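Positions are given from 1 along the sequence. Order of listing sets the numbers, starting from 1, for every ligand and every atom in it. Just so it is clear, the structure is predicted and the values come from calculations on it, not from any experiment. Only this structure's heavy atoms are used, side chains among them; waters, hydrogens and symmetry mates stay out.
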Amino acid sequence: MNLYECLRQFLPQNLFVSAFIILRDFVLMIGALASANALTNLVKRDFDQFMFWILVEILAYIFYCYSLYIQDFYTSKVIQLMDTSIRQNIANRLAQSSYEKYHEKNEAVYSSWMTNDINTINQNGFNNVYDLIDNLANISFSAIALAYYHFSLILSAIILSALVLATPHIFTKKITAASLSMTQGNEKLTNQLTDILEGFNPLYMLNLSRLIVSKTVASSKEAAAKNNHYARIYGSMSATTNAVSVMCQTFIMIQTGLLVFAKLVTIGAVNATQNFAGSIFAGITGTSESLIAIKAVQPIFDKFTQLPDFHKQPTAELNHFNQQLSIHNLSFGYDHRREILKQISLTIEKNHKYALIGDSGSGKTTLLNILAGKLTSYTGELMIDGLNYRDLDLSQVREQIYYLDQDPYIFNDSLRNNITLDDHIHNLDLDKIIDQTGLSKLVSRLPDGLDTILQYNGSDLSGGEKQRIVLARGLSSKRKIFLIDEGTSALDNRSRTEIEDLLTSDSQLTVVMVTHQLRKELEPKLDRIYKITAHS
Ligand SMILES: Nc1ncnc2c1ncn2[C@@H]1O[C@H](COP(=O)(O)OP(=O)(O)OP(=O)(O)O)[C@@H](O)[C@H]1O
């Protein structure tokens, strides 16, 4: 993904914007020529010609102002289309990432990509591409107009342009590095702000809410330093190139003055050539700056493309779960220094019920994550119905498994959508699931029942209610293997018994429960209890 691919994706719209910019610059040139002719005719005391050129000038500027309005509006529309397409591309890559790849960064970083970084792409990328077209059109029309007055002017303009064009390149490397550092700074700022704001509850209870202010200010200052650094380098570049440009304009003005003394051009030309030379050098300065700013946007796109945009080609296919999940000599560590699981072997038979027990930190959750296909950097073998996980498209494994997290996630959406996740499910089935999971009380309490919008991450629900909702989500997904990581820990004893009985008595479900407290009454309902031992 890069800037030009985005522009090409919306080529007709971008061509329209470009055509409009070119037309606007053409009209601007006509306006300047008309102004020069009006001055020349004023000196000649030709009233009719003077009035004619004034009228042309007025019409040209009216069109110019109108085109500014249309262009701003349409350009913004096209930029929004491209922004949505970039966000879609990032979201696609995230959706196709492996669990491990996704979790290499956190959500705040991804949000920053889709907001801060896209703003930078708009400002430094798309807007600069349009500025580039604007400048090139301006340069071309002004060059034609200069040549119309005297060929020597265009020769000088070409030589001086090379000087103006070369100046900003002294800054290229510094600007690219500063731009990358600025986006990384913004990413870090979003990350730190999210972290401190999400820590509101513990800080509030410890009367340390002031940390929210001090940490926000400290993070903001850190990001500001990087933004200021970029602005300083960009400012130095602008100032230097503008100074060179002004010197070149003065040179052209002196040259036109000499041509007037030599009676080779009219008096109106002084005004016009200064105007056109100004446009050429400003255009060249702008072009050069735009090219550098556009180039500085590429490292941002490179960040996005660190995420994969393809699936590994599977060599085996899994349609249904029919027999067993099996683990042979499996070992795993989050890093090379420490092995969490060592040489584990176990089997999970279809429709059987299991408990995984072990001390805190022994690796129960880790093992469940491996079974769920989330963690893949293990050694040893993990098979489903005799097929190796490594040969499968893991989405086919996920099609069979429902993972009930220790920390259930509730979307800021209706209760219904939180259960069905936009999947169509028959109302009778939904009613049954609500009944089975003990959610009926919650449904009748909520103002709009199933259609009540729940707050961000279920902040208006109890821990037990959240667990019931995600359990209902699992039942409505019709997955046949349930991996439950302390999924009933927030429930009271009676509710916990009800839910565990529901899961263990369903002859169509394969259940693996990670639990700290194995209820005595549950033991007879289990086919086997595996104990995981810690390795350090
Ligand atoms: N993402 C991670 N990166 C690095 N280490 C991790 C990560 N997740 C867990 N660990 C470490 O791995 C070890 C096993 O953690 P795990 O959560 O699997 O244990 P557990 O048996 O489920 O513990 P508990 O019963 O307390 O939930 C712990 O020492 C933990 O600190």
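Annotation for R519: atom CZ counts as buried by contact number, over 12 foreign heavy atoms lying within 6.0 Å.
For the 3.5 Å distance criterion, the side chains of N186 and S112 fail to qualify, holding no donor opposite an acceptor. At a cut-off of 3.5 Å, with distance as the only test, a side-chain donor of N388 or E381 sits close to an acceptor on the other residue.
For N2 (side chain) and E5 (main-chain N/O), a donor-acceptor pair under 3.5 Å exists by modelled atom type.
The distance from the NZ atom of K226 to the CD atom of Q184 is 7.0 Å, given to the nearest 0.5 Å. One distance of note links NZ of K350 with CG of N322; it measures 5.0 Å at 0.5 Å rounding.
Under 4.0 Å from any atom of ligand 1, one finds heavy atoms of residues Y334, R338, I340, D359, S360, G361, S362, G363, K364, T365, T366, Q406, H516.
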